[in-house]
Amino acid sequence: MDPWTAQVYRVVRAIPRGRVASYGLVALLAGRPRAARAVGNVMLECRDPGVPCHRVIHADGSLAASFPDQRERLRREGVPFVGARVPVARARVDVGRCLWRARLPREAGFGGSGGRLRRMTRKDSPAL
DNA sequence: GTTGTGACTTTAA
DNA sequence: ATTAAAGCCACAA
């Protein structure tokens, strides 16, 4: 398994039950702030039951069209939804209430031994 | 090197 | 509230 996949798995495994993280947040914690899309690709290939890939959702609370089980698996964990009065496929996660507030120091390789962090560039923060 | 492919995100209509 | 367009990134051809 390549390092990128391993790093993404490490982050996703850290998402607690009943909480969710956007692809973008996972990318951020994985040390690749703009690699949300690439995170999606990893999830697409993920067959490891130990990785709670259903807890990774769109930034606006909507879910990937091609992952039908996701809604039910989240519901089973008590993840709150909004739009309970519209088509099932439209219902979105109440991100405001269950977004994972990650602890930075140790989780996901920050400050720990594992994570590869890239030096910040102008593109990462225009304020630089 | 280049090109194409997405379980993405943000912005502008 | 939708929808489209344009970025963005890792990966495999």
Side-chain angles (χ1 to χ4, degrees):
Chain A
M1 165 186 326
D2 61 289
W4 169 243
T5 301
Q7 179 70 347
V8 170
Y9 279 14
R10 192 171 312 138
V11 174
V12 174
R13 260 193 295 260
I15 306 174
R17 259 178 52 108
R19 309 307 271 316
V20 299
S22 70
Y23 296 90
L25 178 57
V26 172
L28 177 72
L29 296 172
R32 296 265 185 260
R34 297 189 170 156
R37 200 161 191 173
V39 169
N41 289 327
V42 173
M43 293 297 96
L44 185 58
E45 306 297 334
C46 177
R47 307 274 181 285
D48 187 333
V51 178
C53 57
H54 60 286
R55 298 183 187 142
V56 184
I57 69 177
H58 290 306
D60 65 355
S62 59
L63 305 178
S66 47
F67 186 5
D69 305 350
Q70 186 171 31
R71 186 164 277 98
E72 181 52 32
R73 289 178 63 180
L74 287 175
R75 179 138 276 160
R76 204 154 42 210
E77 293 185 352
V79 171
F81 281 75
V82 298
R85 71 187 57 253
V86 298
V88 204
R90 283 299 205 185
R92 295 179 311 133
V93 168
D94 188 347
V95 183
R97 296 218 303 136
C98 65
L99 181 65
W100 177 36
R101 270 88 82 163
R103 244 175 145 183
L104 301 185
R106 196 68 166 289
E107 309 279 2
F110 274 83
S113 38
R116 314 181 320 290
L117 290 178
R118 178 171 51 75
R119 182 184 298 281
M120 276 259 203
T121 69
R122 179 68 57 75
K123 295 198 72 161
D124 295 318
S125 174
L128 295 175

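Keep in mind that the numbers below use all heavy atoms, side chains included, and drop hydrogens, waters and symmetry copies. So you know, we letter chains A, B, ... as the sequences are listed, proteins then strands, and number each from 1.
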Where do N or O atoms of nucleotides 11-13 of chain C meet protein N or O atoms at under 3.5 Å, pair by pair?
residue, atom, partner, partner atom, Å
dC11(C), OP1, D2(A), OD2, 2.1

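- Base-pairing analysis of DNA chain B finds the following stems of at least three consecutive Watson-Crick or G-U pairs, with both pairing distances under 3.5 Å: B:2-6 with C:9-13, B:8-13 with C:2-7.
- L29(A) has its side chain within reach of W100(A): a pair of non-hydrogen atoms, C-beta onward, lies under 4.5 Å apart.
- As rounded to whole Å, 17 Å separates atom C1' of dA7(B) from atom CZ of R92(A).
- Looking at R37(A), its side chain comes within 3.5 Å of the base of dG7(C) through a donor and an acceptor atom.
- In this structure, CZ of F67(A) is placed 18 Å from P of dG6(B), rounded to the nearest angstrom.
- When distances are taken from the side chain of N41(A) to each of dG6(B), dT3(C), dA7(B), the shortest belongs to dG6(B).
- Applying the ring-ring contact (aromatic ring centres under 6.0 Å, His included) test to pairs two or more places apart or on separate chains, none has a residue in residues 62-97 of chain A.
- Both M1(A) and V11(A) are assigned to one and the same hydrophobic cluster, defined by single-linkage of ILVMFWY side chains at heavy-atom distances under 4.5 Å.
- Remark: side-chain polar atoms of R92(A) are not paired, donor with acceptor, to backbone N or O of G83(A) under 3.5 angstrom.
- The distance from atom CD of Q70(A) to atom C1' of dC8(B) is 13 Å, rounded to the nearest whole Å.
- Remark: P of dC9(C) and CG of L28(A) are 13 Å apart, rounded to the nearest angstrom.
- Residue V51(A) comes nearest to R13(A) through the heavy atom pair CG2-NH1, 3.8 Å, listed as atom of the first residue, atom of the second, then distance.
- Using a 4.5 Å heavy-atom threshold, the side chains of Q7(A) and R32(A) count as separate.
- To the nearest 0.5 Å, the span separating CE on M43(A) from OG1 on T5(A) amounts to 8.5 Å.
- By the 4.5 Å heavy-atom criterion applied to side chains, R17(A) and R55(A) are counted as neighbours.
- For residues 6-29 of chain A, the set of pairs meeting the ring-ring contact (aromatic ring centres under 6.0 Å, His included) definition, not counting sequence neighbours, comprises Y23(A)-H58(A).
- Counting to the nearest Å, the P atom of dA7(B) and the CZ atom of R73(A) are 17 Å from each other.
- To the nearest 0.5 Å, atoms CD1 (I15(A)) and CG (L25(A)) are separated by 7.5 Å.
- If you take CG of L25(A) and P of dT10(B), they are 11 Å apart, rounded to a whole angstrom.
- Among residues at least two apart or in separate chains, there is no ring-ring contact (aromatic ring centres under 6.0 Å, His included) pair with a member in residues 26-50 of chain A.
- Put simply, CE on M43(A) is 13 Å from C1' on dA10(C), counting in whole angstrom units.
- A gap of 22 Å separates the C1' atoms of dA13(C) and dA7(B), to the nearest Å.
- At the phosphate of dA10(C), OP1 or OP2 sits under 4.0 Å from a side-chain N or O atom of R32(A).
- Straight-line distance from the OH atom of Y23(A) to the P atom of dT9(B): 8 Å, rounded to whole Å.
- The main-chain N or O of V56(A) is found under 3.5 Å from a side-chain atom of Q70(A) such that the two form a donor-acceptor pair.
- Within residues 50-62 of chain A, the residues approached by DNA chain B to less than 4.0 Å at the level of any non-hydrogen atom are C53(A), H58(A), A59(A), in residue-number order.
- Between dC8(B), dA7(B), dT3(C), one nucleotide has an atom nearer to the side chain of R90(A) than all others, and that is dT3(C).
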